[in-house]
Amino acid sequence: MTLDIERVVTTLCEIAPPPAPLHEPRFGSAEAEMVVSCLEEGWVSYHGKYVTQFEEELAAFCGVKHAAVTVSGTAALHAIIHMMGIGQGDEVLAPALTFIASINAIAYTGAVPHFVDAEETSFGVDAGKIAAYLHRISERRDGALYNKSTGRRIAALMCMHAFGHPSDLDALCAVCDEFGIPLIEDAAEGLGSFYKGRHVGNRGYLSALSFNGNKIITTGGGGAILCNNDELADRARRITTTSRVPHPYEFTHDEIAFNYRMPNINAAVGCGQMQRLPGYLEKKRKLAARYAEAFADIDGIRHVNEPPECISNYWINILLLEPGYENDRVAFFEAANAAGIGARAAWVPISDLPMFADCPKMDLTVTRDLYNRIINVPSSPHLMGDD
Ligand SMILES: *Cc1c(COP(=O)(O)O)cnc(C)c1O
């Protein structure tokens, strides 16, 4: 079985005329005017009206009670894991099929990532497989869950909404309830994605968004912590601003904390981008439909649709090589990139990277299989026309 690489590349070039990067940001006068107003008024750092405005708009859009904005998605995740009291001596169950930031954030706290496998529908972590695995390898004592072989506490499960497709949150919450551990949602790729009618980032004890340059909307660099709990939101804002105790003139701080809060300049860009988000989501659905139609009858490759009962933001469109066509992968990537199509592979499984190679892991057959078959293709909204 061989892939008709020429036909695939030609089809891609019709949808995404080269040069077509994987994902490109666009800005307009709204962003520019708000940034200029920050400069004119001198509110450039994390105090400023756009920080609050962006948080309120995000919380409303995501249907969560609170959003606390940060300098990056990585910082949001780091602060989340730190706030949960997770660190040295703990393990966090986390996908091997994810961007490195999810796992770095765990490692920063001194905790050890414990890699779990993906499933084929959403490409998120596999709740059923995790439950069966935990029955085998874990035990509950003193009110916590422990890994029987390493002796470390299993402190949380992190899921990630891969490429914008919502993970199976009902099933993941059920596993967390059964084993008595909290869920962390890395929703960095999921702004505008809905699981059974509810925006992602709503089910985690705490959840993270990212506004890096290649995400669906961007603030240059940025992220957010989402939650539905007033005290957690207060703590998130304090821990990302050096945990300073409010006082008219004394500098005093009540715990070791971070300088992770988003500056007003970046939040101004975010407020402008929020105006574009609904339009972006609409165009991304149209682009996904275009890919789906164009690849419907090319042998050996198909477009990945959103999971059942979910609305995906289609942040990055995925083409999946059918089993048996993996050998054409490298030749395809070479040909596509030579033609100016920014096609990219999925992340090398994090469990294979040297710094995480000794971490505990379950069988990762599906992760490896998906890595060999996933092709990410250009997904900028303006491929469906400028505003
Ligand atoms: C983008 C991203 C992050 C956060 O990245 P930053 O660049 O730090 O904003 C975290 N996890 C995933 C899965 C991501 O795609």
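We count residues from 1, following the sequence as given. Just follow the structure's listing: the first ligand is 1, and inside any ligand the first atom is 1.
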Is there any protein N/O under 3.5 Å from an N/O of ligand 1, and what does the full list of such pairs look like?
from	atom 1	to	atom 2	distance (Å)
ligand 1	7 (O)	N212	ND2	3.1
ligand 1	8 (O)	G73	N	3.4
ligand 1	8 (O)	T74	N	2.8
ligand 1	8 (O)	T74	OG1	2.4
ligand 1	9 (O)	G73	N	2.8
ligand 1	9 (O)	S210	OG	2.6
ligand 1	11 (N)	D186	OD1	3.4
ligand 1	11 (N)	D186	OD2	2.7
ligand 1	15 (O)	E189	OE2	2.5
ligand 1	15 (O)	K215	NZ	3.1

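Note: H82 and F258 meet the aromatic proximity criterion, with ring centroids under 6.0 Å apart. Remark: aromatic rings of H135 and F179 are close, center separation under 6.0 Å.
Within the 4.5 Å cutoff, the side chain of D254 has no heavy atoms near those of the R244 side chain. You'll find the side chain of K215 reaches within 4.5 Å of the side chain of E189, heavy atoms only.
Ring orientation note: the planes of H23 and W315 are tilted relative to one another, at an angle of 30° to 60°.
For the side chain to side chain donor-acceptor pair (under 3.5 Å) test, residues two or more places apart in sequence or in another chain that qualify with E306 are R285.
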